[in-house]
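In what follows, a structure is listed as structure tokens, so that the remarks can point back to it.
Chain identifiers are assigned alphabetically (A, B, ...) following the order of the sequence lines, protein sequences preceding nucleic acid strands; residue numbering begins at 1 within each chain.
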Amino acid sequence: MTEIPDTYNPDEVEPKWREQWRETDVYSYTGDGDPDTEYVVDTPPPYPTGNLHIGNALGWCYMDFAARFHRLMGEDVLFPQGWDCHGLPTEVKVEENQGIHRTDVPREEFRELCIEHTESQIGAMRETMDTLGFSIDWDHEFRTMDPEYWGETQRSFVQMAGDDYVYRDEHPVNWCPRCETAIADAEVETETGVAGTLYEVTFPGVDSDEGATTEQRDIQIATTRPELLAACVSVAVDPDDERYADRVGDTFEVPLFGQTVELIADDEVDSEFGTGAVMICTFGDKQDVDWWAEYDLDLRPAVSESGRLTATADEYEGLTLEEAETAIVEDLDAAGYLEGTEPTEQNVGQCWRCETPIEILSKEQWFVEVRQEEILETARQVEWIPEHMYGRLEEWTEGMDWDWVVSRQRVFATPIPAWHCEDCGHTQIAEEDELPVKPTETDPAVGACPACGGEHWRGETDVMDTWMDSSISPLLIQGWPEEPFEPATLRPQGHDIIRTWAFYTLLRTAALEDEIPWEEILVNGMVFGDDGNKMSKSRNNFVQPETVVEEYSADAFRQAMALGGQPGTDIQFQWKEVTSAARFETKLWNITRFTAQQLDEEHRLPDPAYRDIDRWLLSKCSRVTEAVREDMAAYRFDAALQTLRDFVWHDLADDYLELVKGRLYEGRPGERDAAQQALLTTLSAALRMLSPFVPFLAEEAYRALPGTEGSVNAADWPAVEMVDPDHEAAGDLIADIASTVRGWKSDTGLALNAPLDRVEVYPDDHPDVPVDTYDLSEATNAPVQIREGVPAVELVPVSVEPDHSVIGPEFRNQAGQVVAALEAMDPDYVADQKAVDGEIAVDLDGEVAVIPGEAVEVVEEHRAESGEEVVVLDSELATILVYE
RNA sequence: GGGUUCGUGGUCUAGUGGUCAUGACGCGGCCCUUACAAGGCCGAGAUCGGCGGUUCGAACCCGCCCGAGCCCA
């Protein structure tokens, strides 16, 4: 007998194991095996916001389920954790906290402040990850702000520059005026339906026919952005627009600013919008950029880096765009150029970090070439789960029209390792062996300028897009560049960053290693609130993982995440799933407690004399083991956990335990041993298989169970060793009878252990092995006899059930008629025909159809003959006669 | 507007052609039976979004419509 606590208390158990696991190396990756047995997770490095939200937690649960499963399978699992430290939000936070602007202090000092701030944020998130039981190998932690990391980011930049992926050019780029930096297409979010005003503005004609009237010479353009008039370089109309058919080539004067622009015709103009004439500015939007390039228009940069008008705008210089709009509209009106206004809705590109509307500025920037075919080619070799997520990437990739602008005009990021020669303008990129390098602090190793021999270097102040850091994570976690690169096994991530993290990683691995970054990518969905809406504080449906742990347990939270739906779909957080998970924990604990109490180690036999129900349990367990293994390997965590819960609750607890209690309490030693052995084998297997989902409870229970050794984390996936269909069939019958009799006792108000005179069982189909009634007798507290033939009670055919899968293919389009006719017949008569002729003749409007007997099942009910003291129970698999 | 995913008892969810559609939570009833009342047993509750088609047979395949989410314009 082993004594273990009555109740399971996660508040004590979970912290205990968390503590202990930290001290042992249970999750450590050895990295010395062969690649075939390695399982490498390319974990997302989150931005250190200080808070791991529930959406993150879902992703990490999936990773942890997979990592723990593959460890049980004996694989060498690498589950690292990184932090994507660089970037604007931290700079902003530091500016806020310190009450400074980043230019107020030296560059390096500002970086230091950012590092300090980031470290405190990481601590809080690590805490949550530990609380939730994620089996992260903290020896493989990385932070993109560490020189060991960003030095490699620089190396990747240098190598890609060597392969002509990197270039420097002046090109229009998306620009966030608040962040004062270039941003990539992927960092622009489109806000739809923004209220705005459409202004109709007259552009006076310049040199058209002398005789024409003012109305004929002028043109009315429609614009939502009058503040960009200074940047206007052309006016465009639809070539099919009859209103302007003979005016293409005319020239006009831009009001207030005076530059002369020409009318061009282009298919892209929407003649339905406004007046059908639009002004082209450098630059209002991407369309302007296309036209500017296509028609070789002038460049009139009217917007500054901080979002104010430039000297191009004459007297309006220095106004913000908003101020300029008001002032210019007023002046247009005063001068008689404003023809009218109307409200309109527009789509506005915004910076994804700060939601400021972006501008398009032409600036000299660093770019990485996007080789679309190479990226798609690589992406196609990866297994996408779910498959359709590849479509997202494909659509994004094919729609890319600008290269990736990788330079940012910020501070807290990986420095671009380059210098500019002050004498000749030559740009020098660093050599690999001088990395990591801060070009603002150090001169290049090359010495004098290779182009002109000059010795005056200006270090590049631009830094890299943070995706340049994170998109080499699969390389870095495996020791790149010293170690030869092997694709990681799994990339888990959210679908919101397919166009960024997944896209850039594919690009970079293809460019640097000509390889796929990972074999599989598992894209997790979003987590919605309990009410089906997106979680938000204002909706009051916001749930923090820690809250669930406090109220229930980490194990319950993990189960709820697993059962929320199949990976890849969005899931709704459900408190009811947490409730049922907590109940399962109680159940599992009680099963463990009961088992531990029944086990005594002295009487363990090498080859126990298993009874039918023992073999039944072991056979079921074997099949569950295989089914769950398949589900886990396919990332079907919902199905795996569901199968395990059903098996434990219904087969193991409801059926098996109830059947062997008699044997465990009072059986002969050999009989007890068999039950003990079957129980131990099964429970041990179940705990191991459940450990990816409920690691804390599994550990506590596994260690409490006599006959197990060490941590469940170090255990093996159960062996599938006893699939035995014959005994499973016998066991199914036994379980069915026991539960039917138990149900009947419950219904009639009898005590479950009430003795019965005897029970006779007439199975519908006899199992191929003799049915062992020992446990059944104990469970029903009655002698049980398995009988051949039909019971000595009245058997009444009540209905016929045609087998559609036989009748359908045979009678094709007559099948419906046949079935209808059969069901209309007297069941008694059908039963007779089937018994006598082995087939049934059916009348179909005068035509006779002959149906094979096996295609028709006659449903019969047993009715006790009057006056006889017998209860007849029709169970799923047998007819049971109970004599009280 | 384009693409994509989805619509199954009150709620959430499983189920990609073959007899009475899975489970959970909730609800109603009965039961303290020596692991478990944080439990057991039983029950009610679904025209599988709508219409049409393919098929002997459709929750499942096809088309259209309605509704929702996500991605992109």
Next on the checklist: With a 4.5 Å cut-off on side-chain heavy atoms, are A:Lys286 and A:Ile360 touching?
Outcome noted: yes
Checklist entry - Mapping A:Asp530 and A:Asn590 to their closest nucleotides on RNA chain B, which lands nearer the 5' end? => result A:Asp530
Next on the checklist: Any base atoms under 4.0 Å from A:Gly532, or only sugar-phosphate, or nothing? Heavy atoms, all strands.
Outcome noted: nothing
Checklist entry - Does A:Glu626 pair with A:Arg623 as a salt bridge, N-O distance under 4.0 Å? => result no
Next on the checklist: Let's go through A:Tyr656 and A:Asp614 carefully: what are the C-alpha distance in whole Å and the side-chain angles of both, what is the deciding distance for side chain to side chain donor-acceptor pair (under 3.5 Å) to 0.1 Å, and is it a yes or a no?
Outcome noted: CA-CA 8 Å; A:Tyr656 183 76; A:Asp614 303 327; 2.6 Å; yes
Item to check | Span that lies between the C1' atom of B:A59 and that of B:C31, in whole angstrom | outcome: 38 Å
Next on the checklist: Please classify the nucleic acid contact of A:Gln287 as base, sugar-phosphate, or nothing, using heavy-atom distances under 4.0 Å.
Outcome noted: nothing
Item to check | Rounded distance in Å between the P positions of B:U19 and B:C30 | outcome: 37 Å
Checklist entry - Name the stems that RNA chain B belongs to, where each is three or more consecutive Watson-Crick or G-U pairs with both distances under 3.5 Å? => result B:1-7 with B:66-72, B:10-12 with B:23-25, B:27-31 with B:39-43, B:49-53 with B:61-65
Checklist entry - Taking the C1' atom of each, how far is B:A21 from B:G63, in whole Å? => result 25 Å
Checklist entry - What integer number of Å spans the C1' atoms of B:U16 and B:G26? => result 30 Å
Item to check | Separation between the P atoms of B:U22 and B:C62, rounded to whole Å | outcome: 25 Å
Item to check | salt bridge (Lys or Arg N to Asp or Glu O under 4.0 Å) partners for A:Asp775, two or more places apart | outcome: A:Arg663
Checklist entry - So, is A:Lys587 close to the B:G40 phosphate, meaning a side-chain N or O under 4.0 Å from OP1 or OP2? => result yes
Item to check | Sugar-phosphate, base or nothing in reach of A:Lys534, heavy atoms under 4.0 Å | outcome: sugar-phosphate
Checklist entry - Once you round to the nearest 0.5 Å, how far does CG of A:Asp638 lie from CD1 of A:Ile571? => result 10.0 Å
Checklist entry - Got A:Val842 and A:Val850 here, is their nearest side-chain heavy-atom distance under 4.5 Å? => result no
Checklist entry - Could you give the distance from CG (A:Leu376) to OH (A:Tyr390), rounded to the nearest 0.5 Å? => result 4.5 Å
Checklist entry - Does OP1 or OP2 of B:G39 have a side-chain N or O of A:Arg593 closer than 4.0 Å? => result no
Checklist entry - Which sits closer to the 5' end of RNA chain B, A:Gly391 or A:Met526, going by the nucleotide each is nearest to? => result A:Gly391
Item to check | Basic-acidic side-chain contact under 4.0 Å: A:Asp732, A:Lys620 | outcome: yes
Checklist entry - Taking OP1 and OP2 of B:U34, is either one under 4.0 Å from a side-chain nitrogen or oxygen of A:Gln597? => result no
Item to check | Rounded distance (Å) that lies between atom P of B:U5 and atom OH of A:Tyr390 | outcome: 15 Å
Checklist entry - Checking all strands, does A:Asp6 fall into the base, sugar-phosphate, or nothing category for heavy-atom contacts under 4.0 angstrom? => result nothing
Checklist entry - Any idea which of B:C36, B:U4, B:G18 is nearest the A:Pro809 side chain? => result B:G18
Next on the checklist: From C-beta outward on A:Glu395, which listed nucleotide comes closest to its side chain: B:C70, B:G3, B:C36?
Outcome noted: B:G3
Item to check | Separation of B:U33 C1' from A:Lys745 NZ (nearest whole Å) | outcome: 10 Å
Tabulate protein N/O versus nucleotide N/O from nucleotides 22-32 of chain B, keeping only pairs under 3.5 Å, one per line.
from: B:G23; atom 1: O2'; to: A:Gln642; atom 2: NE2; distance (Å): 3.2
from: B:A24; atom 1: O2'; to: A:Ser580; atom 2: OG; distance (Å): 3.4
from: B:A24; atom 1: N3; to: A:Lys576; atom 2: NZ; distance (Å): 3.0
from: B:C25; atom 1: OP1; to: A:Arg583; atom 2: NH1; distance (Å): 3.1
from: B:G26; atom 1: OP1; to: A:Arg583; atom 2: NH2; distance (Å): 3.2
from: B:G26; atom 1: OP2; to: A:Arg583; atom 2: NH1; distance (Å): 3.4

Checklist entry - Is the A:Trp396 ring parallel, tilted or perpendicular to the A:Phe503 ring (thresholds 30°, 60°)? => result perpendicular
Item to check | Gap between atoms CH2 and C1', on A:Trp744 and B:C41 respectively (whole Å) | outcome: 14 Å
Item to check | From B:A38, B:G69, B:A73, nucleotide with atom closest to A:Asp570 side chain | outcome: B:G69
Next on the checklist: Within 45 degrees of the ring normal and closer than 6.0 Å to the centroid, is that where the cationic atom of A:Arg558 sits relative to A:Phe693?
Outcome noted: no
Checklist outcome for this item: From CD1 of A:Ile498 across to P of B:U5 the rounded distance in Å is 13 Å
Item to check | B:A68 and B:C12, which share atom name C1', separated by this distance in whole Å | outcome: 16 Å
Next on the checklist: Of the options B:G3, B:C12, B:G40, whose atoms approach the side-chain atoms of A:Arg392 most closely?
Outcome noted: B:G3
Checklist entry - Could you state the CD-P distance from A:Glu387 to B:C6, rounded to the nearest angstrom? => result 12 Å
Item to check | For atom CD of A:Glu189 and atom P of B:A73, their distance in whole Å | outcome: 10 Å
Checklist entry - If you look at every strand shown and take non-hydrogen atoms under 4.0 Å, does A:Ala653 touch a base, only sugar-phosphate, or nothing? => result base
Next on the checklist: salt bridge (charged side-chain N to carboxylate O under 4.0 Å, His left out) for A:Arg392 and A:Asp496? Distances and angles first, verdict last.
Outcome noted: CA-CA 10 Å; A:Arg392 288 268 175 99; A:Asp496 50 333; over 6 Å; no
Checklist entry - Looking at side-chain heavy atoms only, is the closest gap between A:Leu507 and A:Trp404 below 4.5 Å? => result yes
Checklist entry - Taking RNA chain B as the partner, which of residues 734-742 of chain A come within under 4.0 angstrom of it by heavy atom? => result none
Item to check | Separation of the C1' atoms in B:C27 and B:A44, to the nearest angstrom | outcome: 9 Å
Next on the checklist: Could you tell me how far B:C70 sits from B:U54 if I compare only their C1' atoms? Round to whole Å.
Outcome noted: 31 Å
Checklist outcome for this item: In whole angstroms, the gap separating P of B:C70 from NE2 of A:His495 amounts to 9 Å
Item to check | Residues in ring pair (Phe, Tyr, Trp, His ring centres under 6.0 Å) contact with A:Phe573, at least two apart in sequence or another chain | outcome: A:Trp575
Next on the checklist: Classify A:Gln566 by what it touches in the nucleic acid, base, sugar-phosphate, or nothing, heavy-atom distance under 4.0 Å.
Outcome noted: sugar-phosphate
Checklist entry - Which residues pass the ring pair (Phe, Tyr, Trp, His ring centres under 6.0 Å) test with A:Trp744, sequence neighbours left out? => result none
Item to check | Whole angstrom value for the distance that separates P of B:U33 from CZ of A:Phe594 | outcome: 16 Å
